[in-house]
Amino acid sequence: VKLALDLGFLFYPSERTPVAVVFQNLNRPNISSSQTAVEERQPIRSRLGISLQSDRAIWDLDLIFQHHQIDFRTGIEWAFLPEQIFLRAGVQLQNLAWGTNVMVGVGFHPAPRLRIDYVFMQSIQGIDSPWGSHRVSVVYDF
């Protein structure tokens, strides 16, 4: 069994502005298989996130720090039909320059505990395929 130790803090400078700080892989777990003699340890990663929330929209900003690399992610979600249909868009800058991804998506909540999400992600630099990447998730909250 391989376990990672993470530590996170969440605070609210104002009612609709959560700020989160997270430290991941504090114990640097070895994720190599038992048949491999070479260790492969996860790097320590820290994240800082802030969100601005209104009745129908949410804007998020995340900074991810790992070694000498900084990733920047920002996005917005708008409740097209409150509690049911959500439209999303976002941008991700890997190491502030290496790769840029643009994402658009939609979320559907047909029941209080059920979510169906779709996102289309397209790389701007080094486009491998004009078809991008499509992701679908189905989430049921127990």
Side-chain angles (χ1 to χ4, degrees), residues 1-34 36 38-142:
V1 176
K2 303 183 192 261
L3 297 174
L5 178 62
D6 299 344
L7 181 63
F9 303 93
L10 177 64
F11 59 97
Y12 286 79
S14 69
E15 184 180 349
R16 293 182 175 222
T17 309
V19 175
V21 178
V22 177
F23 302 97
Q24 297 175 297
N25 305 319
L26 290 172
N27 60 335
R28 301 213 48 233
N30 181 7
I31 61 168
S32 61
S33 71
S34 59
T36 304
V38 177
E39 285 189 349
E40 187 175 344
R41 297 211 169 262
Q42 287 287 83
I44 294 174
R45 181 181 313 155
S46 54
R47 301 175 77 125
L48 171 66
I50 186 169
S51 178
L52 299 176
Q53 303 170 349
S54 72
D55 291 336
R56 292 188 67 173
I58 299 172
W59 170 77
D60 290 314
L61 170 73
D62 289 321
L63 296 172
I64 299 108
F65 305 93
Q66 180 176 309
H67 292 296
H68 300 292
Q69 180 176 329
I70 301 173
D71 290 353
F72 170 88
R73 298 174 185 175
T74 188
I76 190 163
E77 175 183 270
W78 179 64
F80 180 71
L81 288 175
E83 309 282 329
Q84 254 191 332
I85 297 177
F86 301 86
L87 303 177
R88 302 179 181 117
V91 174
Q92 173 185 8
L93 302 174
Q94 295 172 328
N95 202 19
L96 299 180
W98 288 354
T100 303
N101 297 311
V102 175
M103 294 150 282
V104 293
V106 63
F108 177 55
H109 298 194
R113 298 176 142 191
L114 180 64
R115 286 191 336 252
I116 302 168
D117 294 309
Y118 165 78
V119 66
F120 169 74
M121 182 169 67
Q122 179 64 59
S123 175
I124 300 300
Q125 296 171 334
I127 295 175
D128 294 330
S129 165
W131 306 109
S133 174
H134 302 266
R135 297 178 187 174
V136 175
S137 63
V138 178
V139 177
Y140 181 79
D141 293 326
F142 292 95

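Residues: numbered from 1 along the sequence shown.
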*Asks:* Got a second to check how far Asp6's CG is from Asn27's CG, nearest 0.5 Å?
*Replies:*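 Taking CG in Asp6 and CG in Asn27, the distance rounds to 8.0 Å.
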*Asks:* Quick check for you: to the nearest 0.5 Å, what is the distance between Gln66 atom CD and Ile44 atom CD1?
*Replies:*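 So the gap between those two atoms works out to 10.0 Å.
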*Asks:* Does atom CZ (Arg41) have a neighbourhood of more than 12 heavy atoms from anything else shown, all under 6.0 Å?
*Replies:* yes
*Asks:* Not counting sequence neighbours, list each pair that qualifies as a salt bridge (Lys or Arg N to Asp or Glu O under 4.0 Å) and has a residue in residues 51-74.
*Replies:*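 Applying salt bridge (Lys or Arg N to Asp or Glu O under 4.0 Å) to every pair that reaches into residues 51-74, excluding sequence neighbours, yields Arg16-Asp55.
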*Asks:* To the closest 0.5 Å, what do you measure between CG (Leu61) and CG (Leu63)?
*Replies:* 5.0 Å
*Asks:* Is it the case that more than 12 heavy atoms not belonging to Phe65 sit under 6.0 Å from its CZ atom?
*Replies:* yes
*Asks:* Atom CG in Asn30, atom OG1 in Thr36: separation rounded to 0.5 Å?
*Replies:*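 The distance works out to 9.0 Å.
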*Asks:* Counting distance only, does the side-chain N/O of Asn25 pair as donor-acceptor with the main-chain N or O of Ala4 below 3.5 Å?
*Replies:* no
*Asks:* Give, for atom CG of Leu7 and atom OG of Ser46, the distance between the pair rounded to the nearest 0.5 Å.
*Replies:* 11.5 Å
*Asks:* Can you tell me if Ser51 uses its side chain to pair, donor with acceptor, with the backbone of Trp59 under 3.5 Å?
*Replies:* yes
*Asks:* Where is the tightest heavy-atom contact between Gln122 and Trp131, given as atom of each residue plus distance?
*Replies:*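 Closest approach of Gln122 to Trp131: OE1-C, 4.1 Å.
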*Asks:* According to ring pair (Phe, Tyr, Trp, His ring centres under 6.0 Å), who are the partners of Tyr140, at least two apart in sequence or on a separate chain?
*Replies:* Phe142
*Asks:* What are the two closest heavy atoms between Arg28 and Gln42, and how far apart are they?
*Replies:* NE-O, 3.1 Å
*Asks:* When the side chains of residues 109-120 are checked against the rest of the protein, which donor-acceptor pairs come out under 3.5 Å, sequence neighbours left out?
*Replies:*
unit_1 : atom_1 : unit_2 : atom_2 : d
Asp117 : OD1    : Arg88  : NH1    : 2.9
Asp117 : OD1    : Arg88  : NH2    : 3.4
Tyr118 : OH     : His134 : ND1    : 2.6

*Asks:* From Phe9 CZ over to Phe23 CZ, what is the distance, rounded to the nearest 0.5 angstrom?
*Replies:*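 Spacing of CZ (Phe9) from CZ (Phe23) equals 6.5 Å.
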*Asks:* Does the side chain to side chain contact (heavy atoms under 4.5 Å, CB included) test come out yes or no for Ile64 and Gln69, once each step is laid out?
*Replies:* CA-CA 8 Å; Ile64 299 108; Gln69 180 176 329; over 6 Å; no
*Asks:* Given 3.5 Å as the limit, does a donor-acceptor pair link the side chain of Ser32 with the main chain of Val38, or not?
*Replies:* yes
*Asks:* Kindly give the heavy-atom pair with the smallest separation between Pro18 and Gln53, and that separation in Å.
*Replies:*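 Minimum heavy-atom contact is CG-NE2, 3.5 Å.
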